[in-house]
Amino acid sequence: MAVKLGILGLGTVATGTVQLLQDVVGRNPLLQEIEIYRVGVRSLDKIREVELPSHVLTTDLEAIVNDPAVDIVVELIGGLEPARSLMLTALKNGKQVVTANKAAIARFGSEIFTTANQSGVYVMLEAAVGGGIPVIQPLKQSLSVNRINTVTGIINGTTNYILTRMQTEGSNFSDVLADAQRLGYAEADPTADVDGLDAADKIAILASLGFGGRINLEDVYCEGIRQVTKTDITYAEKLGFVIKLLAIAKQYTDSSPLSVRVHPTLVPKTHPLASINGVYNAILVEGEPIGQVMFFGPGAGAGATASAVTSDILNLVAVLKTSTTKPNPLLSCGHQDYCQIAPITELVTRFYARFLTKDQPGVIGKLGTCFGNYSVSLESVVQTGFQGGLAEIVVVTHDVREGDFRQALAEIENLEAIDSIPSLLRVL
Ligand SMILES: NC(=O)C1=CN([C@@H]2O[C@H](COP(=O)(O)OP(=O)(O)OC[C@H]3O[C@@H](n4cnc5c(N)ncnc54)[C@H](OP(=O)(O)O)[C@@H]3O)[C@@H](O)[C@H]2O)C=CC1
Ligand SMILES: N[C@@H](CC=O)C(=O)O
Ligand code: NA
């Protein structure tokens, strides 16, 4: 008997998934055992890119998750509610769930996985991080024998697409964002992409898998790309860096709290993440004994994300077609405890800062004195140009504790010669 899917949503990702499921020749033969039984949408009048029998489409999503005939619910409506409630109802009804919804998983993962475990079913989320890149299952399975110490990713396609075009074409931020929306990369509210929130949701999920505990999303430090300017992109380029929105989860020593953060970062051009451009994502995982492993691929878009969604469906079809009664711990998620996360002030990193100063003799010396007061040592200081009568000074520090650097900046801001500090970015 065919495995019956109840798909919630028929937008970018769901349409790609239906297209894939309607064109199975040459793919895994298990796909032929799947029936698209119901698809829930908001509007029945919308013109769709896929053809489905009219009885399949419905606006009653509650009916889908309560229908005893549905084996797997595929949640692709996005957002928090009603996605959370629909998934919980499906799980309580003993249905397997596939979702691409990192926002709901990062906030309600604890409740969702607890419910799944109580019902003896699975929640699969490969599409939630890195779009089409297989990274969730590898962290749960192939890499789980390693002690992970760092996960560093470019995990938002929209912002990587924007930064790449700003860098290569000198394009304007809002024009490029409109293109990313047209291409189906951006979230319904693109603020989630631009302000780093989508990447924060995703690194919380990766950190939870990599470090074996739950992550409180509020502890994840998050800065987006709005403050990244063409001026900084140009300076970074001259200094041998590219600017990327990085999501990082790192444990410095076996007993130290995790550092989990998202922020625009100057990445040395020689680093493997520096060459990840456009909508592509990459996740560099470092652990013992494996060393470094990097996952690379399309991070958003209909086809790529549908590949991940459908691979989850396939895993569940395999589960439903075999007769084991015990849950497979490599598919389920049983974390109980929360990871301890360090405040951003404890981070030790290099910084890039751009200052606008009055053109007076001795300004660089005054900056140096303030930095020295807080043990901030400088790797390079460049005075390159003028902007509206003000001198522009760019500084790159050696590794420094963020709290100390911020104190030095507070002192610098009070110097009479300082006009403003338009940019402050961390350096990988
Ligand atoms: N786009 C991408 O590249 C990626 C997206 N994701 C995630 O996948 C999920 C889906 O994203 P995407 O396909 O881009 O989103 P879209 O906005 O393109 O599609 C959302 C779909 O859900 C339906 N829908 C939304 N709310 C309701 C509701 N309350 N009741 C009924 N139907 C509803 C809409 O119906 P209607 O069509 O009638 O309006 C639409 O078909 C999100 O969680 C997103 O974060 C993950 C990886 C990549
Ligand atoms: N809006 C997201 C879509 C995939 O998760 C992104 O741009 O990466
Ligand atoms: Na993925």
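In each ligand, atom 1 is the first atom listed, and ligand 1 is the first ligand listed.
Of all atoms in ligand 1, listed by their number and element, those nearer than 4.0 Å to a heavy atom of Ala300 are 3 (O). For ligand 1, the atoms sitting less than 4.0 Å from at least one non-hydrogen atom of Leu10 are 21 (C), 40 (C), 41 (O), numbered in the order shown with element in parentheses. Using a 4.0 Å cut-off to heavy atoms of Lys202, the atoms of ligand 2 that qualify are 2 (C), 4 (C), 5 (O), 6 (C), 8 (O). Each of the atoms 29 (N) of ligand 1 lies under 4.0 Å from some heavy atom of Pro82. Each of the atoms 1 (N), 2 (C), 6 (C), 7 (O) of ligand 2 lies under 4.0 Å from some heavy atom of Asp193. Close contacts between ligand 2 and Ala300 involve ligand atoms 3 (C), 4 (C) [criterion: under 4.0 Å to a heavy atom].
The single protein non-hydrogen atom nearest to atom 15 (O) of ligand 1 is Thr12 N, 4.5 Å, given as residue, atom name and distance. The nearest protein atom to atom 8 (O) of ligand 1, hydrogens excluded, is given as Ala100 CB, 3.4 Å; this is a heavy-atom distance. Remark: minimum distance from atom 8 (O) of ligand 2 to any protein heavy atom is reached at Gly157 N, 2.7 Å. Shortest contact from atom 7 (O) of ligand 2 to any protein heavy atom: Thr158 OG1, 2.6 Å. Nearest protein heavy-atom contact of atom 13 (O) of ligand 1 is Val13 N, 2.8 Å. Scanning all protein heavy atoms for the shortest distance to atom 1 (N) of ligand 1 gives Gly184 O, 3.0 Å. Nearest non-hydrogen protein atom to atom 30 (N) of ligand 1 is Leu61 CD2, 3.9 Å.
The Na ion (ligand 3) has no N, O or S atom of Ala308 under 3.0 Å away, backbone or side chain. For the Na ion (ligand 3), the set of nearby N, O or S atoms under 3.0 Å includes one belonging to Val129. The Na ion (ligand 3) lies at 3.0 Å or more from every N, O or S atom belonging to Val135.
In this structure, of Thr15, Val309, Asp201, Thr305, the residue bringing a heavy atom nearest to atom 47 (C) of ligand 1 is Thr305. Compare Val41, Ile7, Ile77 by their heavy atoms: the one nearest to atom 31 (C) of ligand 1 is in Val41. Proximity annotation for atom 44 (C) of ligand 1: of Glu62, Glu126, Lys202, Glu187, Glu187 comes nearest, heavy atoms only.
Polar contact check, Arg48 against ligand 1: a nitrogen or oxygen pair lies under 3.5 Å apart. Considering backbone and side-chain N/O of Lys102, one or more are found under 3.5 Å from N/O of ligand 2. In terms of polar-atom proximity, Gly9 is not counted as a contact of ligand 1, lacking any N or O under 3.5 Å from an N or O of the ligand.
Protein non-hydrogen atoms do not reach within 4.0 Å of atom 17 (O) of ligand 1.
Residues Arg165 and Asp179 are paired through a salt bridge, judged by an N-O separation under 4.0 Å between the basic side chain and the carboxylate. With respect to the salt-bridge test (charged N to carboxylate O, under 4.0 angstrom), the residues Glu237 and Lys269 qualify. The existence of a salt bridge linking Glu187 and Lys102 is confirmed by a sub-4.0 Å separation between a basic side-chain nitrogen and an acidic carboxylate oxygen.
The O atom of Gly131, the Na ion (ligand 3) and the OE2 atom of Glu126 define an angle of 140° (nearest 10 degrees).
Heavy atoms of Ala302 found under 4.0 angstrom from ligand 1: none, in either backbone or side chain.
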Go through the steps for Phe371 and Phe405 under the test ring-ring contact (aromatic ring centres under 6.0 Å, His included), then give the verdict. CA-CA 7 Å; Phe371 280 133; Phe405 184 69; 5.8 Å; yes
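Ligand 2 is never approached by Gly131 to a heavy-atom distance shorter than 4.0 Å.
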